[in-house]
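Residues: numbered from 1 along the sequence shown. A quick note: this is a predicted structure, and the numbers were derived from the prediction, not measured.
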Amino acid sequence: MAVVVRFAPTGLTEASYAECLTKLDAAGAGSPAGRLFHVCFGDKDNLRVSDIWDSRESFEQFSQKLGPILGELGVKGEPEFIEIHNIIEGSKASSTTG
(Lines give C-alpha, C1' and ligand atoms only; values in the text may rest on other atoms or scores of the structure.)
Protein backbone atom coordinates (compact mmCIF):
# COMPACT_ATOMS: atom_id res chain seq x y z
CA MET A 1 0.00 0.00 0.00
CA ALA A 2 1.30 3.49 -0.86
CA VAL A 3 2.52 5.70 1.98
CA VAL A 4 3.51 9.29 2.65
CA VAL A 5 6.85 9.51 4.39
CA ARG A 6 7.23 12.85 6.19
CA PHE A 7 10.61 13.79 7.61
CA ALA A 8 11.16 16.90 9.75
CA PRO A 9 14.71 16.28 10.97
CA THR A 10 17.18 18.43 12.84
CA GLY A 11 20.29 19.44 10.95
CA LEU A 12 18.94 19.28 7.40
CA THR A 13 20.23 22.44 5.75
CA GLU A 14 20.47 23.42 2.10
CA ALA A 15 24.14 22.34 2.12
CA SER A 16 23.57 18.99 3.87
CA TYR A 17 20.60 18.23 1.58
CA ALA A 18 22.74 18.87 -1.52
CA GLU A 19 25.53 16.69 -0.12
CA CYS A 20 23.04 13.94 0.70
CA LEU A 21 21.77 13.94 -2.90
CA THR A 22 25.34 13.73 -4.21
CA LYS A 23 26.13 10.80 -1.91
CA LEU A 24 22.90 9.00 -2.82
CA ASP A 25 23.70 9.39 -6.53
CA ALA A 26 27.21 8.03 -5.94
CA ALA A 27 25.70 5.04 -4.10
CA GLY A 28 23.32 4.37 -7.02
CA ALA A 29 20.30 5.39 -4.95
CA GLY A 30 19.50 8.81 -6.37
CA SER A 31 16.27 7.60 -8.00
CA PRO A 32 15.25 4.60 -5.90
CA ALA A 33 12.69 2.03 -7.00
CA GLY A 34 9.35 2.61 -5.34
CA ARG A 35 9.66 6.35 -4.72
CA LEU A 36 6.88 8.04 -6.67
CA PHE A 37 7.34 11.69 -5.63
CA HIS A 38 9.88 13.64 -3.60
CA VAL A 39 9.68 17.20 -2.32
CA CYS A 40 12.08 19.13 -0.13
CA PHE A 41 10.82 22.38 1.32
CA GLY A 42 11.16 24.97 4.04
CA ASP A 43 13.73 27.37 5.38
CA LYS A 44 17.20 26.69 3.93
CA ASP A 45 18.57 26.14 7.44
CA ASN A 46 15.74 23.81 8.51
CA LEU A 47 14.50 21.77 5.54
CA ARG A 48 11.80 19.11 5.55
CA VAL A 49 11.09 16.28 3.14
CA SER A 50 7.90 14.53 2.07
CA ASP A 51 7.90 11.52 -0.22
CA ILE A 52 5.25 9.27 -1.70
CA TRP A 53 6.36 5.63 -1.82
CA ASP A 54 4.62 2.64 -3.37
CA SER A 55 5.08 0.81 -0.04
CA ARG A 56 6.75 1.13 3.34
CA GLU A 57 8.95 -1.83 2.40
CA SER A 58 10.37 0.08 -0.60
CA PHE A 59 11.25 3.00 1.65
CA GLU A 60 12.84 0.69 4.21
CA GLN A 61 15.08 -0.80 1.50
CA PHE A 62 16.14 2.69 0.45
CA SER A 63 16.69 3.74 4.07
CA GLN A 64 19.50 1.17 4.34
CA LYS A 65 21.55 3.51 2.12
CA LEU A 66 19.98 6.77 3.28
CA GLY A 67 20.39 6.20 7.03
CA PRO A 68 24.20 6.00 7.11
CA ILE A 69 24.49 9.06 4.85
CA LEU A 70 22.22 11.12 7.10
CA GLY A 71 24.26 9.95 10.10
CA GLU A 72 27.50 11.12 8.45
CA LEU A 73 25.91 14.52 7.82
CA GLY A 74 24.60 14.90 11.38
CA VAL A 75 20.96 14.86 10.29
CA LYS A 76 18.75 13.34 12.99
CA GLY A 77 15.12 12.34 13.23
CA GLU A 78 12.63 9.62 12.47
CA PRO A 79 10.22 9.66 9.55
CA GLU A 80 6.46 9.56 9.98
CA PHE A 81 4.53 7.05 7.87
CA ILE A 82 0.97 7.80 6.77
CA GLU A 83 -1.15 5.40 4.74
CA ILE A 84 -2.47 6.86 1.48
CA HIS A 85 -6.13 6.38 0.65
CA ASN A 86 -6.14 8.03 -2.78
CA ILE A 87 -3.84 9.75 -5.27
CA ILE A 88 -5.14 12.04 -8.00
CA GLU A 89 -2.60 13.28 -10.50
CA GLY A 90 -3.05 16.70 -12.04
CA SER A 91 -2.84 17.19 -15.76
CA LYS A 92 -0.36 19.48 -17.42
CA ALA A 93 -1.89 22.54 -18.98
CA SER A 94 -1.41 22.79 -22.68
CA SER A 95 -1.17 26.00 -24.58
CA THR A 96 -1.66 26.88 -28.20
CA THR A 97 -0.21 29.78 -30.06
CA GLY A 98 -1.76 31.30 -33.05
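Residue pairs meeting the salt bridge (charged side-chain N to carboxylate O under 4.0 Å, His left out) criterion with at least one member in residues 57-76, sequence neighbours excluded, are Lys23-Glu72, Arg56-Glu60. Pairs engaging residues 2-15 under the salt bridge (charged side-chain N to carboxylate O under 4.0 Å, His left out) rule: Arg6-Glu80 [sequence neighbours left out].
In this structure, Leu66 and Pro32 have side chains that are not in contact, with every pair of non-hydrogen atoms separated by 4.5 Å or more.
Phe7 and Val4 fall into different hydrophobic clusters, where Ile, Leu, Val, Met, Phe, Trp and Tyr residues are linked whenever their side-chain heavy atoms come under 4.5 Å apart, directly or through other members. Leu73 and Phe62 fall within the same hydrophobic cluster, defined by Ile, Leu, Val, Met, Phe, Trp and Tyr side-chain heavy atoms under 4.5 Å apart, directly or through other members.
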Worked verdict on Ile52 versus Ile84 for side chain to side chain contact (heavy atoms under 4.5 Å, CB included): CA-CA 9 Å; Ile52 307 291; Ile84 294 175; 3.5 Å; yes
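Every side chain to side chain donor-acceptor pair (under 3.5 Å) that Thr13 has, sequence neighbours left out, goes to Ser16. In this view, Phe59 and Trp53, Phe81 satisfy the ring pair (Phe, Tyr, Trp, His ring centres under 6.0 Å) rule, not counting sequence neighbours. Residues forming a side-chain contact (heavy atoms from CB on, under 4.5 Å) with Glu78 (at least two apart in sequence, or on another chain): none.
Atom CG of Asp25 is separated from atom OG of Ser31 by 7.0 Å, given to the nearest 0.5 angstrom.
Here the closest heavy-atom approach between residue Val75 and residue Pro9 is recorded as CG1-CB, 3.6 Å.
Although no hydrogens or angles enter the test, the distance criterion places a donor-acceptor pair under 3.5 Å between the side chain of Ser55 and the main chain of Ser58.
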Donor-acceptor pairs are to be reported for all side-chain atoms of residues 33-50 against protein atoms at under 3.5 Å, with residues two or more places apart or in another chain.
{"from": "Arg35", "atom 1": "NH2", "to": "Gly30", "atom 2": "O", "distance (Å)": "2.9"}
{"from": "His38", "atom 1": "ND1", "to": "Asp51", "atom 2": "OD1", "distance (Å)": "2.6"}
{"from": "His38", "atom 1": "NE2", "to": "Tyr17", "atom 2": "OH", "distance (Å)": "2.7"}
{"from": "Asp43", "atom 1": "OD1", "to": "Asp45", "atom 2": "N", "distance (Å)": "2.8"}

